[in-house]
Amino acid sequence: MRRTITKYLAVFFGLLAAYLLFGLAANLLPNQPILRHATRTLERGDLQSDFSFVYFCRPAYYLDNFTDALILNQACNGGSQHLLTSILLNPRVDGGGEQCESLKRLTEGDTTMCTLHYGRYWHGSTFAMRFLLLLWDYSSLRILFYLLSSLLLAWVVASLYRRVGKAVALLFALALAFVNCFIMQYSIQFLPVLAIALCATLWVVYRVKEPRQMALLLFCTGSLTAFFDLLTCPVMTWGIPMCVYLMMQQRSSDSRPWPRQLASWTIASGLWAVGYGATWIAKWGIATILTGENVIRDGASQFAIRAGANIDYSRIDAVTNNLSLIPWDYVIWILILMGILLLWRFNRKGTGTALLCMLTAVPPLLWYLVTADHSYLHNWFTYRSLSVCLMAIFFALTALVDWQRLKQLRIKH
């Protein structure tokens, strides 16, 4: 036990050191090319309004230009003040209106705006954008993001097809399609969560062979999520790899007793939460100590607000508000089809895996209950955590179908 704790502490502090070094390197870059490419982005007609739609004028198709413009604003202001301030407090200029308008005024040289700090997040995406904006404007980067993430998604689906089966691969893709994951591919605000989830899934498929490897992976995944994400749909980086891991374990005929499998699930899930929460809290502490600004108080007060409810809506409303953005007509047809297959060719040996999958569907709903205010007001992007619920339910039904008997029946005919 002592050796395990020592290992996890070493990994954790190693990750924190890497985050700080990444932020330092990003803020040592010259600002002029970054500002020039931000200007070019606006000249090309991108980031003109804080909220725009992709394809359909519905909340589920919102593109979060608000936060993307904020990230570019921070990227343009990186390294312009004291290094510790730039790395730990992430300054930006703000004109009091839309973030896109503040970014436009920044590129035009407006010096009348006030400087704001945003220290309660790590802002790994801002650091990454400073490197990327050296070479391309953001409009070009959107194309690059979409291309690379599409290739990554195709790689994951193809790997699942080869290693686990076509049913799992298809249902994996559908679960992401039902939360419009293609919109996440356009935006630096949304992309990190999707990219981390997909990369972790590939790691599960090719490298994870035993529970302790899964636990370490999810610990690192939780930490990376806290570094890059701005509270969009973080549980995707836990739930998607976990769902795939459960199906991989079933395929490998995991002979461990179910209570031990449940214990492994609990430990791995808990370590994701520890990695996520500890990394976030560590930022508050480091920033408060090294800059003198009380980021701990700011973070704690914001957490209280985000976790609260409101007289106008309850915690249950936060859940139903997110559920309302799922295309249930299509989901129900898939559930009916899987139910028919289950009744026709029931696989009793898959019961343990199915129960763990159903258990995996619960935490995203609990997340909405805990972060009620944030989840209710921002349901147009937080609803994507439901991809975990959909995938878990789909995989639970898949585990209960005897696909081998179905295959033999097809061969006979």
Side-chain angles (χ1 to χ4, degrees), residues 19-20 22-24 26-29 31-32 34-35 37-39 41-42 46-51 64-130 132-133 138 187-190 192 226-232 280-308 373-374 377-378 381:
Y19 300 154
L20 292 171
F22 186 56
L24 174 62
N27 282 283
L28 289 174
L29 298 174
N31 273 356
Q32 196 55 42
I34 296 170
L35 186 59
H37 283 117
T39 304
T41 299
L42 294 169
D46 204 351
L47 298 180
Q48 299 299 307
S49 176
D50 279 7
F51 295 95
D64 192 2
N65 284 348
F66 173 93
T67 309
D68 280 11
L70 183 151
I71 290 172
L72 261 68
N73 190 326
Q74 290 179 156
C76 291
N77 280 278
S80 59
Q81 301 184 23
H82 190 277
L83 268 179
L84 284 178
T85 300
S86 296
I87 296 169
L88 297 173
L89 298 182
N90 307 100
R92 71 180 190 276
V93 293
D94 189 271
E98 288 196 347
Q99 288 298 323
C100 287
E101 180 62 25
S102 293
L103 179 63
K104 180 180 179 182
R105 290 171 62 182
L106 169 66
T107 60
E108 292 173 348
D110 188 337
T111 59
T112 64
M113 294 185 289
C114 63
T115 299
L116 299 179
H117 292 162
Y118 202 179
R120 62 181 178 271
Y121 294 100
W122 279 95
H123 295 284
S125 297
T126 295
F127 300 150
M129 284 304 300
R130 281 186 61 80
L132 294 171
L133 286 170
Y138 192 49
S187 173
I188 191 61
Q189 156 76 332
F190 299 140
F227 179 66
F228 282 104
D229 185 45
L230 298 180
L231 205 61
T232 57
W280 209 0
I281 293 172
K283 171 61 189 300
W284 299 354
I286 293 170
T288 299
I289 293 169
L290 296 182
T291 68
E293 186 165 315
N294 198 337
V295 179
I296 293 177
R297 182 177 60 191
D298 176 51
S301 64
Q302 285 297 317
F303 176 79
I305 293 171
R306 299 305 188 190
D373 179 78
H374 182 266
L377 296 176
H378 299 97
F381 62 73

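No experiment lies behind these values; they were computed from the predicted model shown.
No side-chain donor-acceptor contact under 3.5 Å links Ser187 and Asp64. Defined by atom type and a distance below 3.5 Å, a donor-acceptor pair is present between the side-chain atoms of Tyr138 and Asp68. Counted by atom type alone, Gln189 and Asn65 present zero donor-acceptor pairs between their side chains at under 3.5 Å.
Nearest heavy atoms, Gln48 versus Leu42: NE2-O, 3.1 Å. Contact record, Ala26 with Phe127: CB-O, 3.6 Å, taken as the closest heavy-atom pair. The shortest non-hydrogen separation linking Ala38 to Cys76 is CB-SG, 3.6 Å. Residues Val93 and Asn73 share a closest heavy-atom pair of O-ND2, 2.7 Å. Between Phe228 and Ser125, the closest heavy-atom pair is O-OG, 3.1 Å.
Between the side chain of Arg130 and the backbone N or O of Gly78 there is at least one donor-acceptor pair closer than 3.5 Å.
More than 12 heavy atoms of other residues, nucleotides or ligands lie within 6.0 Å of CZ in Phe22, so this atom counts as buried by the packing criterion.
When the ring pair (Phe, Tyr, Trp, His ring centres under 6.0 Å) test is applied to Tyr121, the partners found at least two apart in sequence or on another chain are Tyr118, His123, Trp280.
The side-chain heavy atoms of Lys283 and Leu88, taken from C-beta on, include a pair separated by under 4.5 Å.
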